[in-house]
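These numbers were taken from a predicted model, which means no experiment stands behind them.
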Amino acid sequence: MSKTASPSWIIPAVLMLASTVGMLATDLYVPSLPTLTEVFATSPETIQLTMTLNLAGFAVGQLFFGPLSDRFGRRTAMLLGLSLFCVAALGCALAWSAEALIVARILLGLTGACEAVIGMAVIKELYGQEKGVKIVAIYAMVIAAAPAVGPLLGGLMLVHFGWASNFWLLLGLALLTLVAVWRFLVETAVPDVTALHPRRLLAETRLCLSVPAFWLYTVGPAASLGAIFAWITEGPFILIQQLGIPPDNFGYYQAMLVGSFFVTNLIVNRVADDVSGQLLLRLGTIAAITGACVTLSLVATDTLVPWNLGASVSFFGISTGLIYAVAPLKALASTKAATGIAASWRGFLEMSGAMLGSAGIVALHDGTPWPLAIVLAGCAVVILIGDLGARLIEPKAAKLESM
């Protein structure tokens, strides 16, 4: 299929729809987490594994779908991933135990990875790095609506229809997305019959992971997502169990984080032509450090209440918006490896950061807000390290891009 087979806005719109479903797969059922401990008569740590291991599956899945999209094309790989995603969503809705839900959530992560790795590869192939910054900013603004609306909708569905209704809704949306991808997504890559050969995979992996700039432009987004998923994993327990808000109100506090992310991307889209990527990364680092310091102060002084917790975590929404608009495309541009392979490893490392943020919460969970404050502080330190390293290596990366 030709790259010009559809209007230029169609492909980003389809990718945004797919990404929205992927985001809902994480956020829609978040208000149900405390309830699931009662439904399955298990511990909070076990239920939190439905989040942590979903992220692990999401990370590993990107290593699979990147090379697969190089071999068979972006469109074919996306159709396969979404089809399997529908099966996994059905498994979540029908789960009869915590263990069954954990397995289904792992499969949901593995298959949901297709939209992330393939979406970024398609954007790079269609728009390049400079124009891609604006496209990614728009892309991020649209899919940011899912984490804002998801918990609000999920909380209402939990109260009125039960926890499983979240996954039935997700299945319906995934089927709709599958039809949209089949109908509108055009191919942007020429299938490479050698893409899955072991020697080729190893060579491309070495070519990608041997570039310091690739790592430095990846750890920032990874740590940003680590902070956000630490909040998603622990936030419901702090707000609902420790601070006593109703489950269907959790979405309002999630909306504070998502709103900060949305507004930041709106601003980035407007100023992208006049502001350097390095300045955006630096501002993202400052926002993350501010958020971590404020959260630590609130917990240490025992002045934590729902609204100021939501506000302090929102700094990480600002940080993620600034960093994510620049770093992913710079990471892909820093290496000569095949786009699918590079996008796979970038996505794997990024989602590994998200998984580690969630896993840190599971490991430290003690019924207090301290685990969240500690993990957020650790994420801010990693973001700072990535920013400083990227600033030092930027001249070399720019030279490679111009070759």
Side-chain angles (χ1 to χ4, degrees), residues 1-28 58 61-62 64-90 108 110-129 131-150 153 168-192 195 262 265 269 324-325 328-329 332 338-340 343-344 347:
M1 298 180 71
S2 166
K3 289 184 181 181
T4 59
S6 301
S8 60
W9 58 268
I10 287 288
I11 293 175
V14 171
L15 295 175
M16 289 171 195
L17 177 60
S19 294
T20 297
V21 173
M23 293 298 294
L24 283 175
T26 297
D27 294 275
L28 189 63
F58 198 95
Q62 297 195 56
F64 173 76
F65 281 105
L68 193 73
S69 72
D70 282 335
R71 170 61 183 87
F72 295 104
R74 313 296 184 216
R75 183 175 182 273
T76 299
M78 181 76 88
L79 288 171
L80 174 63
L82 282 170
S83 298
L84 296 174
F85 182 91
C86 290
V87 175
L90 178 62
L108 199 66
L110 285 167
T111 55
C114 70
E115 55 81 13
V117 62
I118 295 172
M120 195 59 66
V122 170
I123 290 173
K124 177 181 180 290
E125 288 164 347
L126 283 181
Y127 303 104
Q129 184 184 170
K131 188 177 180 182
V133 170
K134 298 187 73 173
I135 297 298
V136 169
I138 297 172
Y139 181 81
M141 281 191 294
V142 173
I143 66 173
V149 174
L153 181 58
W168 288 115
L169 175 62
L170 185 65
L171 174 59
L173 293 173
L175 288 170
L176 176 64
T177 304
L178 180 63
V179 172
V181 169
W182 175 80
R183 175 64 180 83
F184 296 111
L185 185 62
V186 300
E187 187 55 69
T188 62
V190 177
D192 182 352
F262 184 93
N265 276 282
N269 180 256
Y324 199 81
L329 292 176
L332 294 181
T339 299
S344 289

Task: Where Gly22 and Glu115 come nearest, the two heavy atoms and their spacing - done: CA-OE2, 4.2 Å
Task: Heavy-atom closest contact (Leu175 atom, Cys86 atom, distance) - done: CD2-SG, 3.6 Å
- [ ] Compare every heavy atom of Ala25 with every heavy atom of Leu108, then report the nearest pair and how far apart it is.
- [x] CD2-CB, 3.9 Å
Task: Closest approach of Arg74 to Ser69 (non-hydrogen atoms, all atoms of both residues) - done: NH1-OG, 2.8 Å
Task: Inter-residue atom distance Leu171.CG - Leu176.CG, 0.5 Å rounding - done: 11.5 Å
Task: Side chain proximity check, Val21 to Leu82, heavy atoms < 4.5 angstrom - done: no
- [ ] Output all residues satisfying side-chain contact (heavy atoms from CB on, under 4.5 Å) with Leu84, sequence neighbours left out; order by chain, then residue number.
- [x] Leu80, Thr111
Task: Which atom of Gln62 lies closest to which atom of Gly347, heavy atoms considered - done: OE1-CA, 2.9 Å
Open item on the list: Rounded at 0.5 Å granularity, tell me how far CG in Leu178 sits from CG in Leu185.
Closed with: 11.5 Å
TODO: Determine, step by step, whether Leu169 and Leu24 satisfy the side chain to side chain contact (heavy atoms under 4.5 Å, CB included) criterion, reporting the C-alpha distance in whole Å, the side-chain angles of both residues, the deciding distance to 0.1 Å, and the verdict.
DONE: CA-CA 10 Å; Leu169 175 62; Leu24 283 175; over 6 Å; no
- [ ] Given side chain to side chain contact (heavy atoms under 4.5 Å, CB included), test Met78 with Phe65 step by step and report yes or no.
- [x] CA-CA 8 Å; Met78 181 76 88; Phe65 281 105; over 6 Å; no
Task: Cys114 to Ala77 - nearest heavy-atom pair and separation - done: CB-O, 4.4 Å
Open item on the list: Contact between Phe58 and Leu110 at the side-chain level, heavy atoms closer than 4.5 Å - yes or no?
Closed with: no
Task: Side chain to side chain, Trp168 and Leu90, heavy atoms closer than 4.5 Å - done: yes
